Amino acid sequence: MECSLSMLPAVNKANYLAGYPVVMVEQVQRLIEQDRLARVLLHKYPGMHTVRTDKTLYEYVMKIKEMHLRNAGQLDKVVFDAKLHVVRNALGMHSSKSMVQGARLRNRCEIRISSLFRWMPLDFLRMIVVHELAHIREREHGKSFYQLCFHMEPAYHQLEFDLRAYLTYLEAGGLPLWKAG
């Protein structure tokens, strides 16, 4: 079973913000047109995190999991995935597969995070990690799923909106705000 934080197809700049009130979408578009969204985001999120490798990502995810989901199932793999955003149209993915090992059935659980998050603020990485961890307990995006996300990250909804605003900015031709090296 797979589940992801899916993004709508990037046909026009409003797609990342589909489902948000028109007033909020217009505000983001106005900030982009006035060339002010980049400054707003950089002021709010001034720097990048230092989680660059799959190993440090795994350690980061496990710290959050141990803090909030101690009794949840084991994670077998956590990696950055360069193809995820482009191929699957998703920013993160949680998958669970049942595998036969001898006479036993073993559940293998993994989380993939788009490589786009290697070069973003820690708040954005935390938001996507919290989202994918919530899928360990709640498979579907419903009220209890989002309550769990909010429990693990109280600013979850604002971070998701800001991330979507940033992706809209990039789609509109903006330059990446946080750069490698």
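Just so it is clear, the structure is predicted and the values come from calculations on it, not from any experiment.
Residues Val25 and Thr168 fail the side-chain proximity criterion, which asks for heavy atoms closer than 4.5 Å. Within the 4.5 Å cutoff, the side chain of Leu69 has no heavy atoms near those of the Ile64 side chain. Counting only heavy atoms from C-beta outward, the side chains of Phe145 and Glu140 never approach each other to under 4.5 Å.
When all heavy atoms of Pro154 and His151 are compared, the closest pair comes out as CD-O, 4.5 Å. Contact detail for Ser114 and Phe80: the closest heavy-atom pair is O-CD2, 3.8 Å. For the pair Leu177 and Ala38, the tightest heavy-atom approach, listed with the atom from each and the gap, is CD2-CB, 3.5 Å. Closest non-hydrogen pair, Ala165 versus Leu37, comes out as O-CD2, 3.5 Å. Closest of all the heavy-atom pairs between Ile128 and Leu91 is CD1-CB, 3.9 Å. Contact detail for His135 and His141: the closest heavy-atom pair is NE2-NE2, 3.2 Å.
Side-chain atoms of His131 and Tyr156 include a donor-acceptor pair closer than 3.5 Å.
Within the 3.5 Å criterion, the main-chain N or O of Ala155 finds a donor-acceptor partner in the side chain of Glu153.
With values rounded to the nearest 0.5 angstrom, Ser144 atom OG is found 6.5 Å from Gln147 atom CD. Atom CD1 in Ile136 sits 9.5 Å away from atom CG in Leu148 (nearest 0.5 Å). Between atom SG of residue Cys149 and atom CD of residue Glu160 there is a gap of 8.0 Å, rounded to the nearest 0.5 Å.
With sequence neighbours excluded, no residue forms a salt bridge (charged side-chain N to carboxylate O under 4.0 Å, His left out) with Asp123. For Lys77, the salt bridge (charged side-chain N to carboxylate O under 4.0 Å, His left out) test picks out no residue, with sequence neighbours left out. Applying the salt bridge (charged side-chain N to carboxylate O under 4.0 Å, His left out) criterion to Arg112, with sequence neighbours excluded, gives Asp81, Glu110. In this view, Phe161 and Tyr20 satisfy the ring pair (Phe, Tyr, Trp, His ring centres under 6.0 Å) rule, not counting sequence neighbours.
Within the structure, every pair that satisfies the side-chain hydrogen bond (donor to acceptor under 3.5 Å, both in side chains) test and touches residues 36-46, not counting sequence neighbours, is listed here: Gln34-Arg36, Lys44-Asp162, Tyr45-Asp162. Contacts classified as side-chain hydrogen bond (donor to acceptor under 3.5 Å, both in side chains) and involving residues 56-73 (residues at least two apart or in different chains) are given here: Thr53-Thr56.
The residue from Trp119, Tyr166, Phe117 that alone fulfils the ring pair (Phe, Tyr, Trp, His ring centres under 6.0 Å) condition with Trp178 is Tyr166.
Comment: Arg30 does not engage Glu26 in a salt bridge, judged by the lack of any side-chain N to carboxylate O separation of less than 4.0 angstrom.
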Next item on the list: For the pair Leu57 and Val79, evaluate side-chain contact (heavy atoms from CB on, under 4.5 Å) and give the outcome as yes or no after the intermediate values.
Entry: CA-CA 7 Å; Leu57 178 63; Val79 294; 5.5 Å; no
side-chain contact (heavy atoms from CB on, under 4.5 Å) evaluation trace for Leu84 with Leu116: CA-CA 9 Å; Leu84 195 57; Leu116 183 69; over 6 Å; no
**Request:** Applying side-chain contact (heavy atoms from CB on, under 4.5 Å), run through Leu125 and Val51 and close with a yes or a no.
**Result:** CA-CA 9 Å; Leu125 177 64; Val51 180; 3.9 Å; yes
